[in-house]
Structure formats: C-alpha cells, structure tokens
A.B. asks: 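Let me give you the structure first, and then I'll get to my questions.
Just so you know, these numbers come straight off a predicted model, no measurement behind them.
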Amino acid sequence: MQIKREQWSNMFNEVARLMIENKDILSEIDAKFGDGDHGITIEKIGNVIKTKVAVWLPSNEPLKSLFDEIGNAVTNISGGSAGPLYGTYLGGFKEVLEDEVEVDAPLLKKIMKSGLTELQYLSTAKVGDKTMMDTLIPATEAAQNAPDDIVEILIAMKDAAIDGAEKSKDFISKFGRAKSYKEQTIGTPDAGATSCTFIFIGFYNAIVKEK
C-alpha cells in the first residue's frame with residue numbers, strides 16, 4: 001500500500017477539520033494556565049492547511065511542495081509559539097523527500113521522524129515537560145517501532161498520540177506561561193499536546209477509519 005496524492009489531501013483536510021471543530025475545547029484547556037487563545041491559533045492553522053491543500057491537489061507539484069507550503073504559511077501565523085512550532089514540524093516532513101507524490105511505509109516513517117527532528121532544533125522540550133512533545137515524541141517512536149505497513153503505522157501513531165496527551169495531565173508545566181503555576185497544572189492536559197493529537201487522529205481517520 002502507498003499513500004497517494006488524493007489521500008494526502010484527505011489526510012490534511014481531516015486534520016484541519018478536527019483542529020477547527022475543537023478550537024473551543026483547546027482554548028478552554030489553555031485558559032486554565034495560559035492566555036486562552038490556543039484554540040484560536042489552531043483554528044487559523046486548520047484554515048491555512050485547507051487553503052494550501054486546495055491549491056496543491058490539482059497542481060503537478062510533488063508532495064514536498066505541499067509540506068513546504070504548509071510549513072511556511074503556518075510558521076507565519078500570529079498567536080504565540082504555536083505557529084512557528086507547528087510550522088517547523090509540518091514543514092520538516094519535506095526534508096526526506098525529492099519528487100515523490102506517493103509514500104510507502106518505510107518512507108512514511110522517515111517523514112514522521114524528519115518532522116520531529118526539525119522541531120527539536122527549535123525546541124528542547126522532552127516527554128514529561130507538559131508540551132506538544134508529550135504527543136509528538138511517543139507518536140514518532142511508535143511509528144518507527146511499527147511494522148512496515150501504513151495502516152499499522154497510522155494506528156500506532158494515533159494510539160501513542162492520544163496516550164501521550166492523556167499522560168500530560170500528570171506532568172508539571174516546565175515551559176511557557178503555565179510553568180509559573182507549577183504543581184497546580186497537574187490534572188490538566190497540555191493544550192499543545194492535545195491539539196497535536198489531531199494530526200495523528202486525522203491521518204488515521206482519512207486512511208484507516210474510512211476503509
């Protein structure tokens with residue numbers, strides 16, 4: 001099995017849908033120890049993704065171009081650190097690609113690892129720091145440990161992402177405005193870790209759930 005052009009379009013459109021539909025939940029989480037605008041920023045990211053996919057799908061541009069366009073546009077979104085962080089991660093997918101428009105399982109693993117690698121040049125956060133890394137690192141590791149099968153990879157990433165975001169409830173915030181609340185942040189999931197699950201749930205929904 002390979003992920004083809006139209007499937008990539010479906011995957012990112014599903015990610016965008018989830019981001020936009022859950023904006024209020026994300027802002028409610030963020031409001032407890034932050035500025036309360038994370039959902040607004042994630043909604044902007046979702047809308048940018050939809051716009052870029054709509055232009056890319058009918059074009060003859062390779063997949064690398066889609067990741068590059070999404071990454072650059074998301075990086076420039078205003079609203080705190082979410083834009084640059086998400087943009088760096090999603091744009092980082094392109095670093096292992098040339099002119100491919102279809103992706104097999106081994107290449108999918110490389111794409112997911114590349115996104116995290118690029119983000120780690122920007123962020124030093126680790127699992128347990130109550131950030132988006134609580135989702136992204138476990139999901140990426142799950143992808144690398146999964147069999148060379150696209151469905152298995154997508155399932156593994158989705159499950160690890162959801163579990164990572166849930167576990168973020170047990171951590172003390174070590175980054176951003178929330179870190180000043182220390183132990184008070186225990187019991188609340190990280191907003192960034194939660195919003196990142198929509199990447200992996202969206203990919204799963206578009207390929208596996210729709211089968």
A.B. asks: Check whether any side-chain N or O of Asp129 sits under 3.5 Å from a backbone N or O of Lys126 as a donor-acceptor pair, and report yes or no.
C.D. replies: yes
A.B. asks: Indicate yes or no for a side-chain donor-acceptor contact from Ser195 to the backbone of Gly192 under 3.5 Å, with no hydrogens or angles considered.
C.D. replies: yes
A.B. asks: So, for Trp56 and Pro62, which heavy atoms are closest and what is the spacing to 0.1 Å?
C.D. replies: NE1-O, 3.0 Å
A.B. asks: Glu14: what forms a salt bridge (charged side-chain N to carboxylate O under 4.0 Å, His left out) with it, not counting sequence neighbours?
C.D. replies: Arg17
A.B. asks: Do you reckon Val15 sits in the same ILVMFWY cluster as Val55, going by side-chain contacts under 4.5 Å, direct or chained?
C.D. replies: no
A.B. asks: Partners of Tyr89 by side chain to side chain donor-acceptor pair (under 3.5 Å), sequence neighbours excluded?
C.D. replies: none
A.B. asks: If I compare all heavy atoms of Ile49 with all of Met19, which pair ends up nearest, and what's the gap?
C.D. replies: CD1-SD, 4.1 Å
A.B. asks: Give a yes or no on whether the backbone of Gly92 and the side-chain of Ser114 come within a donor-acceptor separation of less than 3.5 Å.
C.D. replies: yes
A.B. asks: So do the side chains of Ile29 and Pro189 get within less than 4.5 Å of each other, counting heavy atoms only?
C.D. replies: yes
A.B. asks: Can Leu119 and Met133 be said to form a side chain to side chain contact (heavy atoms under 4.5 Å, CB included), step by step?
C.D. replies: CA-CA 9 Å; Leu119 183 57; Met133 290 300 195; 3.7 Å; yes
A.B. asks: In terms of heavy-atom contacts, does NZ of Lys64 have more than 12 from other residues, nucleotides or ligands at under 6.0 Å?
C.D. replies: yes
A.B. asks: Look at Asp134 together with Lys130 and state whether they make a salt bridge at an N to O cut-off of under 4.0 Å.
C.D. replies: no
A.B. asks: Nearest 0.5 Å please: distance from the CG atom of Asn47 over to the CD1 atom of Ile20.
C.D. replies: 4.0 Å
A.B. asks: Honestly curious: do Phe198 and Val208 fall in one hydrophobic cluster under the side-chain, below-4.5 Å linking rule?
C.D. replies: yes
A.B. asks: In the single-linkage hydrophobic clustering (I, L, V, M, F, W, Y; side-chain heavy atoms under 4.5 Å), do Phe93 and Val96 co-cluster?
C.D. replies: yes
A.B. asks: Testing the basics here: between Leu90 and Phe12, what is the closest heavy-atom pair and its distance to 0.1 Å?
C.D. replies: CD2-CE2, 4.3 Å
A.B. asks: Testing the basics here: between Val48 and Ala73, what is the closest heavy-atom pair and its distance to 0.1 Å?
C.D. replies: CG1-CB, 3.5 Å
A.B. asks: Just so I know, are the side chains of Ile199 and Met157 near enough to count as touching, which here means a heavy-atom distance under 4.5 Å?
C.D. replies: no
A.B. asks: Could you state the interatomic distance from CD1 (Ile153) to OH (Tyr204), rounded to the nearest 0.5 Å?
C.D. replies: 15.0 Å
A.B. asks: In the structure I gave you, are the side-chain heavy atoms of Leu107 and Asp104 within less than 4.5 Å of one another anywhere?
C.D. replies: yes
A.B. asks: Taking Glu152's backbone N and O only, do any of them form a donor-acceptor pair with Asp149's side chain (distance below 3.5 Å, no angle check)?
C.D. replies: yes
A.B. asks: Any sub-3.5 Å donor-acceptor pair from Gln144's side-chain atoms to Ala142's backbone N or O?
C.D. replies: no
A.B. asks: Between Phe67 and Trp8, is the ring centre distance below 6.0 Å?
C.D. replies: yes
A.B. asks: If only atom types and distance count, is the side chain of Ser65 paired as donor or acceptor with the main-chain N or O of Glu61 below 3.5 Å?
C.D. replies: no
A.B. asks: Using every non-hydrogen atom in the two residues, find where Leu136 and Thr140 come nearest and quote the distance to one decimal.
C.D. replies: O-OG1, 2.7 Å
A.B. asks: Any non-hydrogen side-chain atom of Lys4 less than 4.5 Å from a side-chain atom of Val101?
C.D. replies: no
A.B. asks: CE/Met132 to CG/Leu116 distance, rounded to the nearest 0.5 angstrom?
C.D. replies: 9.5 Å
A.B. asks: Is the backbone N or O of Leu85 less than 3.5 Å from a side-chain atom of Thr88, with the two atoms forming a donor-acceptor pair by type?
C.D. replies: no
A.B. asks: Kindly indicate whether the side chain of Lys167, heavy atoms from C-beta on, has any atom under 4.5 Å from the side chain of Val127.
C.D. replies: no
A.B. asks: Once rounded to the nearest 0.5 Å, what's the spacing between atom OG of Ser9 and atom NZ of Lys50?
C.D. replies: 11.5 Å
A.B. asks: Would you say Met11 and Ile207 make side-chain contact, with heavy atoms under 4.5 Å?
C.D. replies: yes
A.B. asks: So Ile162 and Glu166, do their side chains get closer than 4.5 Å, heavy atoms only?
C.D. replies: no
A.B. asks: Working to the nearest 0.5 angstrom, can you tell me the gap between Ile42 CD1 and Thr194 OG1?
C.D. replies: 10.0 Å
A.B. asks: With the side chain counted from C-beta on, respond yes when Thr41 and Lys23 share a heavy-atom pair under 4.5 Å apart, and no when they do not.
C.D. replies: no
A.B. asks: Mind checking what makes salt bridge (charged side-chain N to carboxylate O under 4.0 Å, His left out) contact with Lys109, not counting sequence neighbours?
C.D. replies: Asp148
A.B. asks: Report the C-alpha distance between Met1 and Val151 in whole Å, list the side-chain angles of each, state the deciding distance to 0.1 Å, and finish with yes or no for side chain to side chain contact (heavy atoms under 4.5 Å, CB included).
C.D. replies: CA-CA 9 Å; Met1 177 184 176; Val151 170; 4.1 Å; yes
A.B. asks: Asn145 side chain to Glu141 main-chain N or O, any donor-acceptor pair under 3.5 Å?
C.D. replies: yes
A.B. asks: Please confirm whether the backbone N or O of Cys196 pairs with a side-chain atom of Thr135, one donor and one acceptor, at under 3.5 Å?
C.D. replies: no
A.B. asks: What class does the angle between the rings of Tyr86 and His38 fall in, given that below 30° is parallel, 30 to 60° is tilted and above 60° is perpendicular?
C.D. replies: tilted
A.B. asks: Within the distance-only criterion (no hydrogens, no angle test), does the side chain of Arg5 pair as donor or acceptor with the backbone N or O of Leu57 below 3.5 angstrom?
C.D. replies: yes
A.B. asks: Looking at every non-hydrogen atom in both residues, tell me the closest pair between Ser168 and Ala193 and how far apart they are.
C.D. replies: OG-CB, 4.1 Å
A.B. asks: Say you draw a straight line from CG of Leu26 to CD1 of Ile40; how long is it, rounded to the nearest 0.5 Å?
C.D. replies: 11.0 Å
